[in-house]
Amino acid sequence: MSGKQRTATYPVGDSYVSEGVIAAASSGPAAPGPAGEPGEPLLVVEDLRVQFTRGGRRINAVNGLSYELLPGSMMAIIGESGSGKSVSSRALMGLLPPTATITGSVSFAGRELIGMPEREMRELRGGDIAMVFQDPARSLNPTMKIGAQVTEAIRLHSDSDRKGAHARAIELLRMVRLPAPERRFHEYPHQLSGGMRQRVMIAIALAGEPRLLIADEATTALDVTTQAQIMELLVELQQRLGMAVVMISHDLGLAASYAQDVVVMYAGRAVEHAPTATLFGNVRMPYTRALLGAIPALEREPHSLFEVTPGQPPDLSALPKGCPFRPRCPNALDRCVEMPPFREHEPEHWWACWNPVGDETGNGEQE
Amino acid sequence: MTAIDDRRGDARAGTRTPLLRARNLVQEFPARAAGGVKGGVVHAVSNVSFDIYPGETLGVVGETGSGKSTLARSVIQAPRPKSGAVEFQGRDLMTLRRRDLKQARRQMQMVYQDPFGSLNPRWRVTELVEEPLRGYGEGNADSRRRRVAELLDLVGLDPSQYGRRRPFELSGGQCQRVAIARAIALDPALVIADEAVSSLDVLIQAQVLNLFEKLRRELDLSYLFIAHDLAMVKQVSDRVAVMYLGQLAEIGPAQDIYRRPLHPYTAALLESIPRVDPVTGTAHKPTALPGEPPSPIDPPSGCRFRTRCPRSQLRCAEVDPVLEERLPGHQVACHFPLDLPDPAMPPGPAGATLAPAPVPASATDPAPTAQTS
Ligand SMILES: Nc1ncnc2c1ncn2[C@@H]1O[C@H](COP(=O)(O)OP(=O)(O)O)[C@@H](O)[C@H]1O
Ligand SMILES: Nc1ncnc2c1ncn2[C@@H]1O[C@H](COP(=O)(O)OP(=O)(O)O)[C@@H](O)[C@H]1O
Ligand code: SF4
Ligand code: SF4
Ligand SMILES: [Mg+2]
Ligand SMILES: [Mg+2]
């Protein structure tokens, strides 16, 4: 991949830092940490790239991802499977296998995470940064009572004694609204429903009092009524604890309902990023438009057809030249064989497209 | 239209004889408690009745474990339900012998969720699509080859490009197209799609859903379309059945279920869906329904939804609600359906002011769904 695909234009605005000058204090529940000034991003991902080498093939899983996250805010990363959502968040947690080559920069509260020694990383993981995954059954130890698992997480990140940790565990289980926490404390994961197991996972994530929680498809395996409960819980915790949340999801409705900002990923890049209302109310990226046209909607008539995008996502070991959406894009121009830069084209609204929705031109009219 | 002739063209005209009639279906399984000991009975499907008319799509929606797959398997008699009646094309499937059942079953085909698991990994696409034709002794090798090419064209797979591939050389969406080609190979009257697109990404899912729609129109197919996603079910179905804990809560025209849900569970389900309007981009934030479905081993007495229902009254625990038609073609199993005032509210205008009810944004004629004690 060429290195010129992203021009380093940085977000400027009252909620961002511009060239080292602290801008006006941001709105929202920003909770400045030790290294954080008000309005300063908690997390800055810059030109993150991840390649896997497998059987002599190079898989370009993440190809220059950049975004910023303010303390205490909730951001959604959306995109189809394989677009690099999980790999990019695992990269910043130091959770990728050695077959991965990671470049770029991820700064968390001023500390660089890429290349951080594992010992330091381990302290951060489950501490300041925690993660909740799709499948709580696989993340929990099936042979250990859930109370013990929560207690262990607490003792790992604090110097509380057994009694203190026990009390704190009950408190956390209550905080995540696990029904009858004292009784559940002594139960095994298989005795709990999927929704309750996810609550336990969230309790474990909260044990280290994280400033950033990454929820990777945390409600995807749950039924829609349980999903609504878990999302309500996450929003409440985010606001009460001033914790930033990155929710990774393939569900546009979920992102639109809960996140303050949305990043849309395609083939390992951010292709559109804006505050939620701006993004969905003024879609510029043809790919985002395609996603919206394809979701089933209660508003549509029975038997109405979906807007169809032909083809399938690109092979990450043989990406097309230029814009990776080009083979499927209704707006594609000759120019799209060059990589469109990811820029802040309108205040707080970033996209990577030569021929965005709303300003379409034909091939002849290109500047 | 396609080259495939329609042998059922007359089945639809005028007459309203159902293609499929299911009555009082019951299916139960022995439950296994910890350690493999017998622990009672799983009430997977309890007294479910519905019809599907020729050319119609009936959608079935419900949460995991509500009995959707068991219902589908009961219809195709695999395994036979514990009790009830299934009449398909005028024949009573419950009493058919194995050979006659096989003949009846060629007219009802299933498409499952797992696109890879449902196809033999060693076979080529052409072999996979030919198999049902061979299994029923259709035509000769030559006519079958032509038919396979025609079917692949119909599901949008170029036979010259994909015919020789094996499942692992296909994407999930392409596998699902192969599964659909197999399902329609014998020109069935009914296709049962059990979460057939649920594992696909949204852009591929839209392609496959449009394929289902195209085949419905061109081949005059009926569908029993099962999914946990109410928005999807609503968009593909003429009528929708809502299941909760093994029972039908409500069944009616797709638009009515959405505009005017009568069952408190349907309303809660509609409210739980995180939505974004595809045109305006406006989000509709869900309202959570408290609690979780109870165990199907020991379902609540009376109405099975009563442990989570905001309108629940004493009567709900004592008397089983039965499906009752309250609007044309729209049945609900509830003692206090949403077209009636909230049972907990005193009647009259004074009561109305007591109810700052969060009305379902989806209902044109909303009924209060306030949480009452
Ligand atoms: N350990 C790995 N080795 C090789 N490829 C991987 C590995 N992990 C993920 N990938 C590939 O990276 C791409 C991005 O994956 P992922 O981030 O999991 O996507 P998403 O979470 O958006 O569905 C996919 O093509 C996936 O197959
Ligand atoms: N073969 C079986 N043996 C025991 N229990 C079963 C079996 N099949 C389904 N069940 C149970 O029956 C209930 C309904 O399951 P299912 O029909 O698969 O629901 P759905 O398809 O709506 O998720 C669940 O409680 C499930 O665990
Ligand atoms: S218009 Fe060009 S740059 Fe924009 S998404 Fe389409 S192919 Fe990519
Ligand atoms: S009002 Fe009663 S019968 Fe109706 S759904 Fe609620 S609990 Fe069931
Ligand atoms: Mg993922
Ligand atoms: Mg099922």
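Quick note: numbers below take in every heavy atom, side chains included, and nothing from hydrogens, waters or symmetry partners. Per chain, numbering begins at 1; letters A, B, ... match sequence-line order.
When heavy atoms are compared at a cutoff of 4.5 Å, A:Arg328 approaches chain B solely by way of its side chain, counted from C-beta outward. B:Thr64 touches chain A through backbone and side chain together, each having a heavy atom under 4.5 Å away. In this structure, the portions of A:Gln229 lying under 4.5 Å from any heavy atom of chain B include both its backbone and its side chain. No part of A:Met231 comes within reach of chain B, as not one of its non-hydrogen atoms sits under 4.5 angstrom from that chain. Contact of B:Thr282 with chain A is not made at all, since no heavy-atom distance falls under 4.5 Å. Proximity to chain A is limited to the side chain of B:Glu213, based on heavy atoms less than 4.5 angstrom apart. Proximity to chain B is limited to the side chain of A:Tyr287, based on heavy atoms less than 4.5 angstrom apart. Looking at A:Gln191, there are no atoms closer than 4.5 Å to chain B (heavy atoms on both sides), in backbone or side chain. Within the 4.5 angstrom heavy-atom criterion, only side-chain atoms of A:Asp251, from C-beta onward, approach chain B. With a threshold of 4.5 angstrom between heavy atoms, A:Pro310 approaches chain B through N, CA, C or O but not through any side-chain atom.
Taking CZ from A:Phe306 and CG from B:Leu209, the interatomic distance works out to 4.5 Å, rounded to the nearest 0.5 Å. Going from atom CG of B:Leu269 over to atom CG of A:Asp223 covers 9.0 Å, rounded to the nearest 0.5 Å. Distance check, rounded to the nearest 0.5 Å: CD of B:Glu292 to CG of A:Leu222 gives 9.0 Å. Rounded to the nearest 0.5 angstrom, B:Ile204 CD1 and A:Thr309 OG1 are separated by 9.0 Å. Interatomic distance, A:Leu298 CG to B:Arg259 CZ, rounded to the nearest 0.5 Å: 11.0 Å. Once rounded to the nearest 0.5 Å, the distance linking CG of B:Asp238 with NE2 of A:His303 reads 3.0 Å.
At distances below 3.5 Å, at least one donor-acceptor pair connects side-chain atoms of A:Ser257 with backbone N or O atoms of B:His284. In this structure a side-chain-to-backbone donor-acceptor pair under 3.5 Å is missing from B:Asn210 to A:Leu305. Here the side chain of B:Gln207 pairs no donor or acceptor atom with the backbone of A:Val308 at under 3.5 angstrom.
Highest contact tally toward chain B, considering only A:Ile295, A:Leu279, A:Val283, is held by A:Ile295 [criterion: heavy-atom pairs under 4.5 Å]. Contact count against chain B (heavy-atom pairs under 4.5 Å) is highest for A:Glu232 among A:His250, A:Glu232, A:Arg289. Your options are B:Asp201, B:Val276, B:Thr57, and the one with the most heavy-atom pairs under 4.5 Å with chain A is B:Asp201.
Annotation for B:Ser272 and A:Val224: closest pair O-CG2, 3.3 Å, computed over non-hydrogen atoms. Across B:Ala206 and A:Ala294, no two heavy atoms sit closer than the pair CB-CB, 3.7 Å. Annotation for B:Val202 and A:Glu80: closest pair N-OE2, 4.3 Å, computed over non-hydrogen atoms.
Atom CZ of A:Arg300 sits in a crowded spot, with more than 12 heavy atoms from other residues, nucleotides or ligands closer than 6.0 Å.
Counting only N and O atoms by type, the side chains of A:Glu301 and B:Gln235 include no donor and acceptor under 3.5 Å apart. A side-chain donor from one of A:Thr225 and B:Glu63 sits under 3.5 Å from a side-chain acceptor of the other.
Inter-residue side-chain proximity for B:Val236 and A:Pro302 is flagged as unmet; no heavy-atom pair is nearer than 4.5 Å. A:Glu307 places none of its side-chain heavy atoms less than 4.5 Å from the side chain of B:Pro278.
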